[in-house]
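Just so you know, ligand 1 is whichever comes first in the structure, and atom 1 is the first atom listed for that ligand.
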Amino acid sequence: MTDAESLARIEGFVFDLDGTIWEGPALLPGAAELVTALREAGLGVVFASNCSRYGGDVLCERLGKLGIEADPRDVVSAFDLVGDEIRRRLGPVPVLVVGTEELAKILREAGCHPVAEDQAADARAVIVGVDPAFSYPRLRAAARAVAGGAGFFAINLDARFPVGPDLFDPGCGSLAAAIATASGVPPIAFGKPEHPLFRVAIERIGRSAGAIAMVGDSTASDMTGGRAAGMVTIWIDSNPDTPRPPTVDLAVRDPAELLRLWRAAAPHGVRA
Ligand SMILES: [Mg+2]
């Protein structure tokens, strides 16, 4: 797809959340209106987040509070993939969790046993999410475990995530990078741009990947991964002067502009 008119051929939309639907505490302009219009036209809408702190249930609730009704099946979070992925790859092993208590909880539910930092030598895997309590002793424990042969997994490799206009917090990828540098071992990631999250989102839309658009603000996660999954890629970038990367099919400033272009391309798809 190279032009906005091709939007009329898209049968389903997968939206990233941070920086695409919301930014910090507020929706981006046009986000709720866009989702409503697409749903009213009978198109599939799924939200796919690299979130490493919360599962789809929490994200779903947050969408509702901001005015976008969503069913838990409409929301896929990288956080939710961790338990299954670790169990499938390693079985119910001792793990060192570099992340929140919620992350430790889903690993426990998957049969794994979180260990304390001073028992990191027993860990068979180190799992990294966003960790507001990240510290030098935790970095040391994680790096020693990985250097000693524990599997090394990160929910995603995002360097940062937006928390407001021109404001960011360091992401899971920044913490994983510190452990990778100290241990000399690169992490395996589950979130975008890796395939598992896209596979689940595409299955939930129930159309072929080529008829589904991935809408997101991250070129490294959303655009690269969406293109690799065979989807149409739509980039949200508030700066109109940024050069469009080769993995991007269509660039828009915000959801409001995407809605305007989609309405112009698919006038019969809109009841309003
Ligand atoms: Mg994002």
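For the Mg ion (ligand 1), protein N/O/S neighbours under 2.8 Å (waters excluded) are D16 OD2, D18 O, D217 OD1.
The side-chain heavy atoms of V128 and I155, taken from C-beta on, include no pair separated by under 4.5 Å.
Under the rule for a side-chain hydrogen bond (donor to acceptor under 3.5 Å, both in side chains), S49 has no partner lying at least two apart in sequence or in another chain.
Note on E117 versus R144: no salt bridge recorded, every NZ/NE/NH1/NH2 to OD/OE distance being 4.0 Å or above.
Counting only residues at least two apart or in different chains, ring-ring contact (aromatic ring centres under 6.0 Å, His included) contacts with residues 120-156 comprise F153-F190. The ring-ring contact (aromatic ring centres under 6.0 Å, His included) contacts involving residues 47-91 comprise nothing, where partners must be two or more places apart or lie in separate chains.
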Item to check | Residues S221, D158; criterion side chain to side chain donor-acceptor pair (under 3.5 Å); working and verdict | outcome: CA-CA 7 Å; S221 292; D158 295 348; 2.7 Å; yes
